[in-house]
Amino acid sequence: EGIAAVTQGWEEGAGVMASMTSGIQLVFNIIVMIVAVVAMIIIMNTLVISITERIAEIGTIRAIGAQKSFVRRMITCETIILSGLFGLIGILLGGLILLILNIIGIEAPNIFFRIIFGGEVLRPVLSLKSVVMSLVVVTGIGVVASWYPVSIALKIRPVRAMQSD
């Protein structure tokens with residue numbers, strides 16, 4: 001119809017702001033990944049300590065006929081329950097903090113924060129997608145962190161474990 005218009009992607013249309021937003025998002029994603037790795041290491045260390053403290057019990061369970069698959073399922077289920085429960089507690093506490101911040105609002109002190117916040121005041125909200133994703137990620141990290149401790153538990157010989165104190 002004689003209109004001199006060109007279509008382009010949102011990043012091209014937004015220009016420098018889109019590049020800055022993408023850069024900030026990348027930094028936050030890297031920080032979240034580092035926190036996830038640290039959480040996995042902490043969970044793994046805790047599970048290793050828990051398993052070494054229960055060597056006699058695991059040996060007894062194996063001596064009375066439990067297969068390695070039972071021990072694997074037992075430790076994995078414990079980890080899923082603990083990760084899920086404490087993940088849910090963390091989500092509830094985080095949701096409460098977000099609710100308070102939404103009511104109070106976080107004022108942008110300068111232009112940089114106004115750009116990041118998308119306005120003068122940030123009022124964060126919690127989405128169902130974020131809750132579900134967080135719970136899945138926390139539980140997944142727990143399961144992955146349990147692999148090494150499970151391998152330690154499966155190497156325990158029943159007779160030797162029952163003889164140790």
Side-chain angles (χ1 to χ4, degrees), residues 1-54 58 69 71-154:
E1 300 191 14
I3 299 174
V6 178
T7 60
Q8 56 187 5
W10 77 271
E11 287 183 353
E12 295 168 356
V16 175
M17 295 305 296
S19 298
M20 187 173 80
T21 303
S22 296
I24 292 170
Q25 183 180 15
L26 178 66
V27 169
F28 282 132
N29 287 340
I30 289 171
I31 291 170
V32 167
M33 291 301 294
I34 291 170
V35 169
V37 169
V38 170
M40 189 165 50
I41 291 169
I42 291 169
I43 293 169
M44 191 180 309
N45 284 338
T46 304
L47 289 171
V48 167
I49 291 169
S50 171
I51 287 172
T52 55
E53 288 177 349
R54 300 185 316 178
I58 293 171
S69 61
V71 175
R72 178 182 291 115
R73 280 194 316 271
M74 180 182 74
I75 294 171
T76 303
C77 285
E78 287 175 8
T79 305
I80 289 171
I81 290 169
L82 289 173
S83 297
L85 177 67
F86 286 101
L88 191 59
I89 290 170
I91 289 169
L92 291 174
L93 289 174
L96 180 65
I97 291 169
L98 281 179
L99 178 66
I100 292 168
L101 289 176
N102 186 308
I103 293 168
I104 296 171
I106 304 170
E107 290 192 35
N110 57 39
I111 188 70
F112 177 74
F113 283 102
R114 284 188 201 115
I115 292 169
I116 291 176
F117 291 177
E120 296 287 325
V121 179
L122 176 65
R123 298 197 184 275
V125 294
L126 187 62
S127 69
L128 180 61
K129 179 182 174 185
S130 296
V131 169
V132 171
M133 185 63 117
S134 297
L135 202 53
V136 167
V137 168
V138 165
T139 306
I141 287 173
V143 169
V144 170
S146 73
W147 289 344
Y148 176 67
V150 165
S151 72
I152 290 174
L154 295 179

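- Of the possible polar contacts, none joining the Ser50 side chain to the Thr46 backbone as a donor-acceptor pair under 3.5 Å is found.
- Residue Glu120 holds its CD atom at 8.0 Å from CD of Glu107, rounded to the nearest 0.5 Å.
- Under the salt bridge (Lys or Arg N to Asp or Glu O under 4.0 Å) criterion, Arg72 pairs with no residue, sequence neighbours left out.
- With sequence neighbours left out, the side-chain hydrogen bond (donor to acceptor under 3.5 Å, both in side chains) criterion links Arg54 to Glu78.
- Between Leu98 and the options Val125, Leu126, Ile103, Leu93, a side chain to side chain contact (heavy atoms under 4.5 Å, CB included) holds for only Leu126.
- Annotation: the span from Leu135 atom CG to Ser83 atom OG amounts to 9.5 Å, rounded to 0.5 Å.
- Across all non-hydrogen atoms, the minimal contact from Gly87 to Val138 is CA-CG1, 3.9 Å.
- Around CE of Met20, the count of heavy atoms belonging to other residues, nucleotides or ligands within 6.0 Å exceeds 12.
- Taking both residues in full, the closest heavy atoms of Gly142 and Thr79 are given as O-CG2, 2.9 Å, listed atom of the first, atom of the second, then distance.
- A donor-acceptor pair under 3.5 Å is formed between the side chain of Ser151 and the backbone N or O of Tyr148.
- Put simply, CD1 on Ile97 and CG on Leu92 are 11.5 Å apart, with the number rounded to the nearest 0.5 Å.
- Between Val71 and the options Val150, Leu154, Ile51, Thr76, a side chain to side chain contact (heavy atoms under 4.5 Å, CB included) holds for only Leu154.
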